[in-house]
Amino acid sequence: MLFSESLKKNTDFRNVYENGRSYADKYLVMYVLENNKGINRLGISASKKVGNSVVRHRFARLVRESYRLHENIFNSGLDIVVVARKSAASVGFFEIESALLHLSKLHRIIKIYFYDEES
RNA sequence: UAAGUAGAAUAAAUGAUCGCGGCUGCACAGACGAAAGGGUGCAGACGAGGAAAGUCCGGGCUCCACAGGGCAGGAUGCCGGAUAACAUCCGGUGGAGGCGACUCCAAGGCCAGUGCAACAGAAAUAAUACCGCCCCGGCGAUUGUAACGCGAUAUGCUCGGAGGAUUGCAAAGCAAUCCUCUGGAGUUUUGCGAAGCAAUACUCCGGGGUAAGGGUGGAAUGGCAGUGUAAGAGACUACCGCCGUCACGGUAACGGGACGGGCUGUGUAAACCCCAUCCGGAGCAAGACCAAAUAGAGAGCAAUGACCGGCCCGGUCCGCUUUCAGGUAGGUCGCUGGAGGGUCCCGGCAACGGGACUCCUAGAUAGAUGAUCAUUCACGACAUAACCCGGCUUAUCGUUCUGCUUACCAG
RNA sequence: GCUGGAAUAGCGCAGUCGGUAGCGCAACUGAUUCGUAAUCAGUAGGUCGAGGGUUCGAGUCCCUUUUCCAGCU
């Protein structure tokens with residue numbers, strides 16, 4: 001991905017959970033925290049309760065693909081953590097994509113002109 | 001054709017666009033980092049499974065421990081073979097199921113010892129008699145007989161008693177005869193009771209014999225038939241079973257046979273245990289290498305600062321440089337060419353082994369396979385490698401093929 | 001990825017060595033009280049997580065499986 005890398009450390013995840021803001025809908029929970037680094041860092045989390053290995057990997061791929069296709073409209077300098085809810089186990093790409101964009105609008109982290117154009 | 005049985009293969013397909021991982025080649029930058037190491041772009045081929053799962057066994061590999069032996073602990077458990085090894089596989093034996101093809105079996109030893117067997121049952125393993133059967137004795141009962149006792153007893157007889165008459169004797173009175181009355185005694189007949197005696201297929205009590213039968217139980221002293229007996233019993237006999245010995249076939253498990261023993265309780269070892277065989281522990285987050293940091297040791301610099309001290313020497317601490325050791329963050333290796341796959345030949349019933357040719361097919365490290373569009377169909381199950389193999393177990397939408405069995409039909 | 005442990009009544013827990021599974025709280029009924037609580041007396045409630053096996057008999061022994069918890073970084 002051009003402007004982003006992945007969030008790796010357990011301490012980074014803890015930091016976002018404790019200090020970031022969160023919104024949630026039916027499929028996802030999204031935490032956001034500014035990191036002042038000029039790039040976005042995306043973390044994806046799915047617990048064992050969501051499903052088996054196949055389900056969890058598929059969820060991660062769908063979120064990563066959704067983010068990749070809309071990477072250029074996101075603001076920079078953010079740590080984003082996306083957590084799966086149990087209902088996300090059985091849905092397809094478009095549901096995940098619309099859920100991700102919806103939560104991003106609530107966080108107001110999508111660039112303004114694009115936000116205005118879409119709404 | 002239908003039903004079944006054993007085994008094998010496969011695990012949606014094709015194209016376009018965007019995206020991911022390492023590899024190879026080329027190009028770029030020498031901009032990141034103290035170092036080890038690494039970056040960017042383009043192109044190419046490659047990129048999860050039959051179970052990758054559960055982590056239930058076994059082995060390789062790595063580190064630690066270890067003279068040798070034993071104990072403890074664990075595992076396996078009919079026999080033979082295969083294998084690196086196994087709880088796996090192959091072939092056989094025995095048993096169970098099925099008409100059959102075929103399937104299933106933790107299948108050594110309770111004749112080494114110990115333990116347990118609730119309830120029920122007479123009794124659960126050292127002895128026992130609840131019912132039943134048999135023998136002996138006793139009380140009673142029943143039946144028969146019956147001494148005897150009580151009552152009745154027609155006609156009649158005998159004896160007796162009362163009254164009367166006649167006769168005889170002198171009379172009182174006595175005797176005889178006859179008549180009437182009398183059932184008092186006996187006889188006869190009969191009713192009831194009854195000691196004793198005898199019999200019994202009866203009841204109870206006591207003593208003894210008996211394990212055939214009944215009932216309880218998962219299990220009851222080998223089974224069944226006969227002889228035998230008071231009744232019974234392997235007490236005896238035949239057949240079957242069991243145990244032992246012998247020879248025969250088989251490498252063996254075992255098999256069929258001969259002879260003998262008359263037979264000694266049963267179940268449980270996925271109860272302790274005995275016997276035989278095997279096993280050291282931990283696991284790639286193993287482990288090896290490079291190495292900021294932070295503790296540590298030595299050397300040097302400055303001969304200054306602080307402390308011990310009145311002062312010097314000396315000692316301690318702090319500062320800087322450097323070397324060594326150490327190993328955190330981080331990085332590299334381990335890492336995938338292997339007990340590897342395919343075809344053919346040879347040995348072996350087979351598992352498997354040997355040989356020749358041929359193929360190379362993931363290696364990530366927060367962890368790569370996805371998204372969209374189009375077409376087709378049976379509309380897509382279970383499920384994602386994490387050091388590697390051999391198995392087992394469990395999950396699973398379907399499709400295809402092969403061998404065999406049974407039934408029916410046709411030729 | 002690796003290694004341990006647990007599951008028993010609505011809840012928290014016992015249950016040795018196989019023999020018809022109990023304790024406390026809660027629930028229900030009755031008594032007590034003007035009524036409630038407390039107290040007293042009584043009652044019901046369990047296929048011992050699931051499936052299979054060994055055994056005459058399994059909560060307990062063996063195998064498979066499901067869920068949950070903990071540790072190793």
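Throughout, a chain's letter reflects where its sequence line sits, starting with A, and its residues are numbered from 1.
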**Student:** Assess the side chains of Tyr67(A) and Asn40(A): does a donor N or O sit below 3.5 Å from an acceptor N or O?
**Tutor:**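 Per modelled atom types, Tyr67(A) and Asn40(A) side chains form a pair under 3.5 Å.
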**Student:** Using the P atom as the point on both nucleotides, what is the distance between rU200(B) and rC134(B), in whole Å?
**Tutor:**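 After rounding to an integer number of Å, I get 14 Å for this pair.
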**Student:** On a whole-Å scale, what distance lies between the C1' atoms belonging to rA230(B) and rC239(B)?
**Tutor:**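 Roughly 30 Å separates the two C1' atoms.
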**Student:** Without decimals, in angstroms, what is the distance between Arg56(A) CZ and rG370(B) P?
**Tutor:**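 Atom-to-atom, Arg56(A) to rG370(B), this comes out as 17 Å.
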**Student:** Could you state the NE2-C1' distance from His70(A) to rA371(B), rounded to the nearest angstrom?
**Tutor:**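 Value for this atom pair: 11 Å.
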**Student:** Can you find a pair of side-chain heavy atoms, one from Ile80(A) and one from His107(A), that are under 4.5 Å apart?
**Tutor:**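 Contact flag for Ile80(A)/His107(A) side chains = no.
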**Student:** Rounded off to whole Å, could you give me the CG-to-P distance for the Leu42(A) and rA366(B) pair?
**Tutor:**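 Taking CG of Leu42(A) and P of rA366(B), I get 15 Å after rounding.
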**Student:** Watson-Crick or G-U wobble partner for rA8(B), using a 3.5 Å limit on both distances?
**Tutor:**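 For rA8(B), the partner nucleotide comes out as rU400(B), under the 3.5 Å rule.
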**Student:** Does Glu65(A) make a side-chain donor-acceptor contact with the base of rG19(B), cut-off 3.5 Å?
**Tutor:**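 Donor-acceptor pair under 3.5 Å: no.
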**Student:** Between Ser53(A) and Leu62(A), who's closer to the 5' end of RNA chain B by nearest nucleotide?
**Tutor:**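 Whichever sits nearer the 5' end wins; that is Leu62(A).
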**Student:** So do the side chains of Phe74(A) and Leu42(A) get within less than 4.5 Å of each other, counting heavy atoms only?
**Tutor:**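 No, their side chains stay 4.5 Å or more apart.
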**Student:** Is there a donor-acceptor pair closer than 3.5 Å between any side-chain N or O of His102(A) and the backbone N or O of Ser98(A)?
**Tutor:**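 No, the answer is negative, given that no donor and acceptor are paired below the 3.5 Å cut-off.
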**Student:** Which one, rA368(B), rU372(B), rG19(B), comes nearest to the side chain of Phe93(A)?
**Tutor:**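 The closest nucleotide is rU372(B).
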**Student:** If you go through the side-chain atoms of Arg61(A), does one of them form a donor-acceptor pair with the base of rU384(B) closer than 3.5 Å?
**Tutor:**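 Answer is yes: a donor-acceptor pair is held.
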**Student:** For Leu69(A) and rC373(B), give me the distance from atom CG to atom P, rounded to whole Å.
**Tutor:**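 The answer, rounded to whole Å, is 12 Å.
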**Student:** My understanding is that a pair needs two contacts under 3.5 Å, Watson-Crick or G-U wobble. By that rule, which nucleotide pairs with rC202(B)?
**Tutor:**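 In the structure as shown, rC202(B) has rG140(B) as its Watson-Crick or wobble partner.
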**Student:** Taking only side-chain nitrogens and oxygens of Arg58(A), does any of them come within less than 4.0 Å of OP1 or OP2 of rA371(B)?
**Tutor:**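 Result: yes.
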**Student:** Just label rG367(B) as syn or anti from its O4'-C1'-N9-C4 or O4'-C1'-N1-C2 angle, using within 90° of 0 for syn.
**Tutor:**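 Base orientation relative to the sugar is anti.
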**Student:** Under a 3.5 Å limit for both distances, which nucleotide forms a Watson-Crick or G-U wobble pair with rC28(C), could you say?
**Tutor:**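 The base-pairing partner of rC28(C), which may sit in any strand shown, is rG42(C).
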**Student:** Whether the side chain of Ser104(A) engages the backbone of Ile109(A) through a donor-acceptor N/O pair (distance < 3.5 Å, no angle test) should be reported.
**Tutor:**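 Not a single qualifying donor-acceptor pair exists.
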**Student:** Which is more 5' along RNA chain B, the nucleotide nearest Phe94(A) or the one nearest Ala60(A)? Just name the residue.
**Tutor:**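 It is Ala60(A), whose closest nucleotide lies nearer the 5' terminus.
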**Student:** Going by a 90° cut-off around 0, is rG234(B) syn or anti?
**Tutor:**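 Classified syn.
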**Student:** For the P atoms, the ones on rG196(B) and on rA201(B), what distance do you get once it is rounded to whole angstrom?
**Tutor:**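 After rounding to an integer number of Å, I get 22 Å for this pair.
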**Student:** NE2 of His57(A) versus P of rA366(B): gap in Å, rounded?
**Tutor:**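 My rounded result for the distance is 13 Å.
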**Student:** If I pick the C1' atom on rG255(B) and the same atom on rU229(B), what distance separates them, to the nearest angstrom?
**Tutor:**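 It comes out at 44 Å once rounded to the nearest Å.
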**Student:** Output the rounded distance in Å from OH (Tyr67(A)) to C1' (rC20(B)).
**Tutor:**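 Rounded to the whole Å, the gap is 16 Å.
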